[in-house]
> 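Below is the structure I would like to discuss, written out as structure tokens.
Keep in mind the model is a prediction, meaning the values are calculated, not measured. Quick note on labels: first sequence line is chain A, next is B, and so on, each numbered from 1. Values reported hereafter were calculated over all heavy atoms of this structure, with side chains retained and with hydrogens, waters and symmetry mates removed.
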Amino acid sequence: MTAEQQILSQLNESQCTAVVQVDGPVMVIAGAGSGKTRVLTYRIAYMLTQGINPYRILALTFTNKAAGEMKERIFQLVGNSNAKAVMMGTFHGVFNRIIQVEHEKLGFMRNITVYDTDDAKNLLKSIVKEMNLDPKTYVASHVLHRISSAKSSLISADDYAKNIEILEADRINGKPYISEIFKRYNNRLKSSNAMDFDDLLYYMNVLLRDFPEILHKYQNRFQYILVDEYQDTNFAQYLIVKKLAAAHHNICVVGDDAQSIYAFRGANIQNILNFKKDYPESKTFKLEQNYRSTKHIVNAANAVIKNNQDQLHKEVWTENEEGHQIEILKTNSDTDEAQTVAHSIFETKQNYQKNNAHFAILYRTNAQSRALEEALIKKNIPYIVYGGISFYKRKEIKDVIAYFRLTINHYDEESLRRVINYPMRGIGATTVDKIIVCAQENNTRVWDVVEKPDLYHLDVNAPTKARLQDVAIRIKSYSAMLTKTDAYELGNHIVATTGIMQELNADKSEIDRLQNVESLLNSMKEFTEREPESLFNEDTGEIITDYYPSLDRFVESISTLIDDDEKKNELQDRVKLMTIHSAKGLEFDYVYVTGLEENLFPSSMSLGTRAELEEERRLFYVAITRARKKLTLTSAQTRYRFGNLQFCEESRFLHEIPVQFIHKTQKASMGRNICISDVNEVTPSHFIPINEAVHHKRHTHERKPTQKVGKEARADQIYVGLRVYHDKFGYGKVAQTDSEGLDKKAVVTFDSVGNKTLLLKFAKLVIP
DNA sequence: ATGGAGACCTTTTTT
DNA sequence: AGGTCTCCAT
């Protein structure tokens with residue numbers, strides 16, 4: 001069998017037609033679980049067997065994970081020597097590489113630093129402060145969102161300042177200075193030789209718009225373009241793809257409008273809906289056969305998504321078995337929910353001989369993971385939480401990387417601010433403020449002032465000046481080593497000579513941080529020893545033979561690296577916990593979707609418009625379709641949010657699942673049975689346990705989304721037989737009390753955890 | 001300049 | 001509840 005036949009033999013008919021249609025515009029509408037990634041990877045592999053130069057292929061994804069997986073699968077199909085030259089990565093990653101090459105055209109210097117969201121927010125905060133504006137009016141995240149939306153729509157700071165509608169909108173919102181902040185923010189990025197995430201897309205557009213020779217160069221280079229998750233593209237991304245594809249029209253976009261869940265950050269679902277208008281000669285293929293899930297799951301998902309108005313018609317079906325019905329579990333509280341889920345996983349593992357890795361617990365917000373983790377720990381079930389605070393966002397790692405970044409780009413203001421006094425060397429906030437003011441007055445960069453305080457008449461005393469000198473000399477000495485010392489060596493040198501290592505070593509409570517820094521160094525070692533990913537000169541396509549794993553290359557690759565922990569965990573048998581957003585594209589045998597409550601899922605932030613609610617519903621659709629064998633949906637009647645106990649109404653989404661797919665009666669709560677007669681016909685009050693009925697009634701009548709449970713009870717109000725509520729343990733009954741007064745104790749039999757002896761002055765019992 | 005106590009905000013999702 | 005930010009005392 002030829003390589004070509006081998007590739008095609010592994011595809012169904014519609015997948016096959018989508019794969020072999022290499023030339024011309026192609027849109028693949030791929031239902032959940034229909035083999036979308038398969039089509040993309042096999043298509044690239046097929047192209048390579050057709051003798052297409054891999055260097056001419058561009059494949060764009062949204063996450064590093066997706067790009068990594070795709071790469072790996074193509075390597076398996078055609079061998080990595082051939083596939084290596086394919087330009088494959090995230091929009092931001094690929095365009096970053098191009099921008100680094102073309103920096104001069106944009107008026108930037110080499111080694112442009114990419115600011116992450118934290119850097120961007122910090123910069124905005126300092127600008128707001130410098131302008132003497134109220135930081136509460138001009139909240140950094142909100143201002144950034146405004147600027148980000150503008151950039152994503154290719155509106156420059158100048159355009160913004162001239163756009164009467166935008167200015168009016170800001171004025172009405174009481175934030176007339178956003179335009180000015182935007183301008184200053186961009187200037188500061190420029191003088192820091194830095195770009196934020198949106199700039200990578202914005203400036204890529206500038207390159208293609210203002211420099212015909214560059215447009216030509218990349219049009220010529222990328223004769224075949226593939227875009228994954230096309231429904232998630234924003235305007236800036238859409239336009240780049242359109243321009244690059246304009247010469248050859250060999251563009252293949254793959255997506256599913258039903259899984260568009262990023263409108264909140266500017267994704268425009270119209271991009272996929274309008275593909276046919278953009279390319280009238282395009283061919284559309286629909287992948288509607290689901291290979292992933294059971295009939296019950298597929299049909300339930302179809303029924304849910306039907307409630308949305310905006311969608312392309314498609315009928316997802318499956319030949320898989322009918323399977324388990326969908327289980328809906330109502331629980332008393334968030335802790336109860338967590339315990340119920342943990343218990344169910346435990347039982348399923350036993351009964352069906354399943355590994356932990358077959359299970360995933362999904363939730364709407366990261367904050368929900370805590371209770372679930374606790375329950376899993378209690379049951380001794382190994383787990384891993386995805387997407388919490390990522391490794392590279394930890395303080396100690398950011399500190400070390402700030403030194404790296406500063407070594408590579410002295411003008412990186414955010415990094416300079418971060419490390420100028422870390423480890424502490426007596427350069428306080430006052431000095432830093434003076435430096436910034438001085439830099440602005442002299443129309444120069446912060447680094448220049450630090451390097452030559454006398455030249456700019458910086459008003460600080462002699463010892464401070466000496467300290468600044470020390471910082472400048474230190475950083476410059478690191479820079480001098482960049483080309484001669486590999487990333488690992490230089491990293492070690494920096495960590496040792498700055499005193500970061502000593503500081504972490506000295507403080508025994510910082511052991512985790514020390515280990516994280518060591519783990520960073522490990523990954524640097526691996527990086528220097530690894531064969532480089534791309535051996536091609538971006539300009540000419542020539543193979544680069546003098547590749548050197550320097551620190552700047554390491555920093556450039558950081559966003560695509562996965563850290564030690566993640567790598568280890570990937571291989572281990574663990575239950576996976578993650579938000580639904582990060583579960584997109586993944587699949588698991590047993591999926592638990594938790595927190596199906598109004599105001600949580602759908603989120604209270606998304607109840608404003610139909611479009612927002614429909615995005616939440618698509619998110620629910622994504623959640624449902626992650627499951628291969630069995631789907632369990634859970635909700636809780638009370639939940640802690642912001643440290644307050646709140647009552648929750650069950651999610652409207654639960655009612656959108658037709659009854660015939662639902663498992664009707666089940667053990668609903670640890671130690672208690674609730675009979676669900678018919679989920680789609682009963683009102684929520686049917687599920688409320690007796691002891692909460694009164695509250696619930698008020699709740700429904702007042703139509704308030706949430707409500708606090710009663711006040712904390714005094715010790716003298718606690719007596720045997722009383723029903724009480726406890727923060728951690730939930731509802732219970734007082735079984736016994738002793739010794740009146742301040743040290744009064746009580747034994748309480750809790751519904752979920754059994755008997756606990758509590759010292760009442762600390763227990764904060766509530767009488768419900 | 002530093003560090004601790006208290007006020008304050010958070011919880012949408014990611015490159 | 002927990003982390004971040006602000007202000008005040010040292």
> A/Asp198 near the nucleic acid: base, sugar-phosphate alone, or nothing, with a heavy-atom cut-off under 4.0 Å?
nothing
> Regarding A/Asp336 and A/Ser333, do their side chains bring together a donor and an acceptor under 3.5 Å, going by distance alone?
no
> Can you label the angle between the A/Phe222 ring and the A/Tyr218 ring as parallel, tilted or perpendicular, going by 30° and 60°?
parallel
> Kindly give the atom pairs (protein nitrogen or oxygen, nucleotide nitrogen or oxygen) under 3.5 Å for nucleotides 6-11 of chain B.
none

> Give one of base, sugar-phosphate or nothing for A/Lys125, where a contact means two heavy atoms less than 4.0 Å apart.
sugar-phosphate
> When you check the phosphate oxygens OP1 and OP2 of B/dT15, does a side-chain N or O of A/Thr61 lie under 4.0 Å from one of them?
no
> When rounded to the nearest Å, what value does the distance between C1' atoms of C/dT6 and B/dT11 take?
23 Å
> Whole angstrom is fine here: how far is it from CG in A/Asp196 over to P in B/dT14?
18 Å
> Checking contacts here: which listed nucleotide (B/dT13, B/dA1, B/dT2) is nearest the side-chain heavy atoms of A/Thr430?
B/dA1
> Can you check the A/Phe235 CZ to B/dT15 P distance for me, whole Å?
23 Å
> Can you list, pair by pair, the side-chain donor-acceptor contacts under 3.5 Å of residues 429-437 of chain A, counting residues two or more places apart and other chains?
| unit_1 | atom_1 | unit_2 | atom_2 | d |
| --- | --- | --- | --- | --- |
| A/Lys434 | NZ | A/Asp459 | O | 3.2 |

> OP1 or OP2 of B/dT15 sitting under 4.0 Å from any side-chain N/O of A/Asn64?
no
> Could you tell me if A/Arg188 sits above the aromatic ring of A/Tyr185, with its cationic atom closer than 6.0 Å to the ring centre and no more than 45 degrees from the axis?
no
> Between A/Asn307 and A/Glu656, is any side-chain donor less than 3.5 angstrom from a side-chain acceptor?
yes
> Let me know, please, whether A/Thr117 or A/Thr464 comes out on the 5' side of the other along DNA chain B by nearest nucleotide.
A/Thr464
> For A/Thr63, which contact category applies under a 4.0 Å heavy-atom criterion: base, sugar-phosphate, or nothing?
sugar-phosphate
> Should A/Asn421 be listed as having a side-chain N or O under 4.0 Å from OP1 or OP2 of B/dT2?
yes
> On the six-membered ring of A/Phe108, is A/Lys190 placed so that its NZ or CZ lies under 6.0 angstrom from the centre and within 45° of the ring axis?
yes
> What is the separation between atom CG on A/Asn96 and atom P on B/dT15, rounded to the nearest whole Å?
15 Å
> Give A/Phe62 one of three labels, base, sugar-phosphate or nothing, depending on what nucleic acid heavy atoms sit under 4.0 Å from its own.
sugar-phosphate
> Quick one: A/His581 NE2 to B/dT15 C1', roughly how many Å, whole number?
13 Å
> In this structure, how many angstroms lie between the P atom of B/dT15 and the CE atom of A/Met204, rounded?
20 Å
> If you pin A/Ser606 and A/Arg467 to their nearest nucleotides in DNA chain B, which one's is more 5'?
A/Arg467
> Under 3.5 Å, is there a donor-acceptor pair between the A/Tyr115 and A/Asp412 side chains?
yes
> Base, sugar-phosphate, or nothing: which does A/Tyr262 touch, judged by heavy atoms less than 4.0 Å apart?
sugar-phosphate
> Could you state the CZ-C1' distance from A/Arg394 to C/dG3, rounded to the nearest angstrom?
15 Å
> Starting from P on B/dA1, measure out to CD1 on A/Ile420 and report it in whole angstrom.
11 Å
> Is the closest side-chain donor-acceptor distance between A/Thr634 and A/Glu337 under 3.5 Å?
yes
> To the nearest Å, how far apart are A/Ile580 CD1 and B/dT14 P?
11 Å
> Nearest to the side chain of A/Thr90, heavy atoms from C-beta on, is which of B/dT13, B/dT14, B/dT15?
B/dT15
